[in-house]
Amino acid sequence: GFNAVFDKKFSTADSCLALTDISFDISLCELLVPLSYGSKLVLYGKNRITDLESLCHTIAYNQITFLYLPPYLLNDIYENLKNRNISINKLLVGIAPIQNATLNQYASLNSKMEIINAYGTCETTIFSCFYRFHKTAHQTGIVPIGNPMDNSRVYILDAHGRIQPIGLKGEIYVAGRNVAKGYLSPTGSQRELFQEDPFYPGQTCYRTGDFGYWNPDGTISFVGRNDSQIKLRGYRIELEEITSVMQQIPGVENAITIVKELHQTPYIVAYIQGSVEINFVKSYLKNKLPIYMIPAYFVKIAKIPVTLNGKIDKQQLPTVHTSLCTKLDPVNPLEESLLTIWKNILKIDDIGTNEDFFELGGDSLSALRLLSQIKTNFDVTISIADIFSNSTIRSLATWINLHDRSNLLEIHRCAKQDYYPVSSTQRRLFYRVYRLPSQHATQHLTSAVLFDKLLDAKKIQDIFQYL
């Protein structure tokens, strides 16, 4: 049971705080645990969760020993609690990835404090996994969600329902006695969430829609929601993965990544709470993520807005003001020509010569178009790597001026005729498609790679399974 996850059991000596709205499943723990063990129950006023001064006063004044704190308020609440005399010895957190550094701060408030990072859904009776946090020397990294609770089983499966090996991300399925029988009146996709347990026939498992992976020590790391996956300019992107990487950056207290439409074009926007500089965040992400996953815009905010249940309130996130960036105008004909090309490729009218091509929404495909336009218009040979290294109009113009112009060979259209000469490759493809029976019309591309040492077959298998 829930009481078993803490070494210091609940008793009449405890004072418990009910903080969340009763529509939130965690409120059942806040209300029923103290009633079950005879503990004091303190009800916090409705609609006051964001009044941190009042909240922290309530915690100290009522000598609260147990409470749940929403992840996106943890850093702000700590700053308010650290100079108060508090009695918390049992702290419950969860529902979103949390940094080691954040819980290290709470561990320093009270040496006797037990901190539990829990994971679960209301369909699986609130909690399925828990992790006992101990103060660590690691300030970066995300706290695991631990191991399955008693009478619960957790599977991490790939898209084909196969068990994922250690370290490979998959979808989290929960089975066991804590899983509900189903929804009362399921609609649409809800019918697919409760499934027969693939490993225990006749029993039910729940498909959570969350993603995670097993760690070598047998704990689970939570990555994020399945519904945070988007498709942008041909790439499938996990927004939670971007957020998770940002939360590991020193100086980032909280972060959220969303998609907003600007200039009638969707862009990835990152909101960051903390003392870190935006340029450092950009540099860090470029070393950790592919270019198409780097947010186009970064917005620093004092606090990430939350709902009454402590979840991020995306509707209250501030508008992205692209005008806050001082845009530089072209200073010579070359920059003017490049600006015209950028506008045509990116479909944006308002561009400064100091703005980054990729932050404006450019990707590897549009970079190839830019490369082609530069070769055609300026008679200069440029590589894709040069465009990545000179991603503003001003730096690109400087690069072009420093390199020799080359007279590109113009390819003329040949005269129209009934037949044209073909290469040996074209002749081979013609024979395969039009002369061989359809069951033999298969094109194989072969290649060989020479390695200077023995390969780990298990790692190769894991890589191909992940792909």
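Using a 4.0 Å cut-off between a side-chain N of Lys or Arg and a carboxylate O of Asp or Glu, Lys9 and Glu114 do not qualify as a salt bridge. For Lys282 and Asp356, the salt-bridge test fails: no basic side-chain N is under 4.0 Å from an acidic carboxylate O.
Side chains of Gln105 and Asn75 form a contact here, defined as non-hydrogen atoms less than 4.5 Å apart. You'll find the side chain of Thr124 reaches within 4.5 Å of the side chain of Val179, heavy atoms only. In this structure, Pro71 and Ile95 have side chains that are in contact, with non-hydrogen atoms separated by less than 4.5 Å.
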Glu171 and Leu157: CA distance, side-chain angles, deciding distance, side chain to side chain contact (heavy atoms under 4.5 Å, CB included) verdict: CA-CA 5 Å; Glu171 188 167 358; Leu157 309 179; 5.7 Å; no

Ile86 and Ile64: CA distance, side-chain angles, deciding distance, side chain to side chain contact (heavy atoms under 4.5 Å, CB included) verdict: CA-CA 7 Å; Ile86 63 169; Ile64 298 297; over 6 Å; no

Trace of the side chain to side chain contact (heavy atoms under 4.5 Å, CB included) decision for Tyr106 with Phe133: CA-CA 10 Å; Tyr106 279 85; Phe133 178 83; over 6 Å; no

Stepwise side chain to side chain donor-acceptor pair (under 3.5 Å) test for Asn178 and Ser152: CA-CA 7 Å; Asn178 60 325; Ser152 294; 3.1 Å; yes

Test side chain to side chain donor-acceptor pair (under 3.5 Å) applied to Thr243 and Thr257, step by step: CA-CA 6 Å; Thr243 301; Thr257 312; 2.8 Å; yes

Residue pair Val299, Tyr271: steps toward the side chain to side chain contact (heavy atoms under 4.5 Å, CB included) verdict: CA-CA 5 Å; Val299 181; Tyr271 291 88; 3.7 Å; yes

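Residues satisfying the salt bridge (Lys or Arg N to Asp or Glu O under 4.0 Å) test with Asp197, not counting sequence neighbours, are Arg153.
Checking Asp76 against Gln273 by side-chain atom types alone, a donor-acceptor pair falls below 3.5 Å.
Taking the six-membered ring where tryptophan is involved, the planes of His57 and Tyr61 are essentially parallel, since the angle between them stays under 30° and well short of 60°.
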